[in-house]
Amino acid sequence: MSKFLSDKFKSLSPYVPGEQPKGMQYIKLNTNESPFEPSQGVLEAVAKEANKLQLYSDPDLTELIKTLAEVYGVSTKNVIATNGSDEVLNFAFMAYTDRENGAAFANITYGFYSVFAKLHGCPYTEIPLKEDFSIDPEDYCGINKTIFIANPNAPTGLTITLEKIREILRTNPHNVVVIDEAYVDFGGESAVSLINEFDNLLVTGTFSKSRSLAGARLGFGFASEKIIEDLNTIRFSTNPYNVNRMTLAAGVASLKEDDYNKANCQKIIATRARVKKELENLGFFVLDSKANFLFAKKDGVRGKELYLGLKEKGVLVRHFDKEIIGDFLRITIGTDLQMDKFLECLKELL
Ligand code: PMP
């Protein structure tokens with residue numbers, strides 16, 4: 001740390017992303033990426049943009065916003081697009097959490113929420129999950145805080161129903177409620193349909209998982225016109241060209257070929273069911289994930305040791321040091337071939 005760093009950032013511990021190995025070829029089941037390449041149309045659309053890179057991208061993100069609005073059945077005024085959904089989440093923390101009551105989110109959820117809260121110096125409350133690792137929606141009703149809920153939650157993969165989300169929105173009318181739907185396309189139920197009913201709802205999503213575009217960095221948000229206006233004020237005050245030309249083209253092409261993405265999601269869902277069963281046959285306790293990963297542990301086996309053992313065999317999964325989940329592994333669902341290799345290595349280790 002230099003002597004110049006502002007006091008407000010001195011105690012910041014940054015978010016630690018999953019490993020992106022550079023040397024050895026791993027079977028990568030650690031960062032919830034898609035194992036499938038982007039669709040053909042995406043590859044062509046990206047290539048076509050290359051000779052225009054001397055020009056800035058469209059700051060209004062016009063074509064992408066229009067296509068997102070069409071696909072999700074909302075008005076273009078209800079949509080924002082960002083550099084990954086991390087960016088729209090960051091904007092939401094910036095915009096809505098430095099108020100008296102601060103933010104609230106689960107004690108086991110996406111690790112970036114607490115980092116964003118600290119970055120922006122806003123107080124936050126971590127609400128414990130229930131013993132079965134699910135979120136208790138009652139804990140979020142009438143709490144007068146800006147609420148962040150990943151649905152499905154990460155790293156558990158568990159969901160809450162739209163009915164419960166409605167109740168949380170209804171009982172917190174003076175605060176924004178953010179529903180982070182990064183994994184919704186793998187079996188969750190989207191809250192997008194509620195944005196016209198509740199002016200305090202922000203639904204965020206990403207192209208990183210179900211649309212095979214993690215490396216392009218593209219996210220989006222759906223909300224009331226006023227919330228989108230707030231977020232755009234922040235967007236234009238930080239980086240008006242937040243989505244680059246190639247990514248804009250990739251996003252539009254991907255939405256036009258959404259059947260390809262949907263078919264890939266169905267493959268992941270089928271593989272997830274098979275791997276869950278196989279893990280259970282090996283004596284694992286596996287949560288009922290609706291995401292593109294499984295969260296599992298086996299009594300008597302240390303999570304960290306299993307993670308290291310798998311790594312040595314060339315399979316990368318995610319392990320978290322947090323005590324309550326220290327014996328769990330989060331395993332991204334890859335192709336059937338990748339998962340067979342994972343199961344083979346796991347059996348050898350056990
Ligand atoms: N929300 C959740 C729950 C996530 O797990 C992730 C991925 N790490 C994100 C948001 C952000 O994804 P991206 O920035 O790639 O859209």
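Remember, it's 1-based here, ligands and their atoms both numbered in the order they're listed. All of these numbers come straight from a predicted model, not from anything done at the bench.
Checked against the 6.0 Å centroid criterion, the rings of F148 and Y110 do not qualify as a close aromatic pair.
A cation-pi arrangement is absent between K290 and Y183, since the terminal nitrogen or guanidinium carbon is not both under 6.0 Å from the aromatic centre and inside a 45° cone about the axis. By the 6.0 Å and 45° rule, R330 stacks over the aromatic ring of F293.
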Any protein N or O within less than 3.5 Å of an N or O in ligand 1? List each pair with its distance, or say none.
{"unit_1": "ligand 1", "atom_1": "1 (N)", "unit_2": "D180", "atom_2": "OD1", "d": "3.2"}
{"unit_1": "ligand 1", "atom_1": "1 (N)", "unit_2": "D180", "atom_2": "OD2", "d": "2.6"}
{"unit_1": "ligand 1", "atom_1": "5 (O)", "unit_2": "Y183", "atom_2": "OH", "d": "2.7"}
{"unit_1": "ligand 1", "atom_1": "8 (N)", "unit_2": "Y110", "atom_2": "OH", "d": "3.3"}
{"unit_1": "ligand 1", "atom_1": "12 (O)", "unit_2": "S85", "atom_2": "OG", "d": "3.4"}
{"unit_1": "ligand 1", "atom_1": "14 (O)", "unit_2": "S85", "atom_2": "N", "d": "3.2"}
{"unit_1": "ligand 1", "atom_1": "14 (O)", "unit_2": "D86", "atom_2": "N", "d": "3.0"}
{"unit_1": "ligand 1", "atom_1": "14 (O)", "unit_2": "D86", "atom_2": "OD2", "d": "3.3"}
{"unit_1": "ligand 1", "atom_1": "14 (O)", "unit_2": "R217", "atom_2": "NH2", "d": "2.7"}
{"unit_1": "ligand 1", "atom_1": "15 (O)", "unit_2": "S208", "atom_2": "OG", "d": "2.6"}
{"unit_1": "ligand 1", "atom_1": "15 (O)", "unit_2": "R217", "atom_2": "NH1", "d": "2.8"}
{"unit_1": "ligand 1", "atom_1": "15 (O)", "unit_2": "R217", "atom_2": "NH2", "d": "3.4"}
{"unit_1": "ligand 1", "atom_1": "16 (O)", "unit_2": "S85", "atom_2": "N", "d": "2.7"}
{"unit_1": "ligand 1", "atom_1": "16 (O)", "unit_2": "S85", "atom_2": "OG", "d": "2.7"}
{"unit_1": "ligand 1", "atom_1": "16 (O)", "unit_2": "T206", "atom_2": "OG1", "d": "2.6"}

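F133 and F328 have perpendicular rings, their planes meeting at more than 60° on a 0 to 90° scale where under 30° would count as parallel.
When side chains are defined from C-beta on, M339 counts as touching I331, because their heavy atoms get closer than 4.5 Å.
Under 3.5 Å, the side chains of N261 and S254 contain a donor-acceptor pair of N or O atoms.
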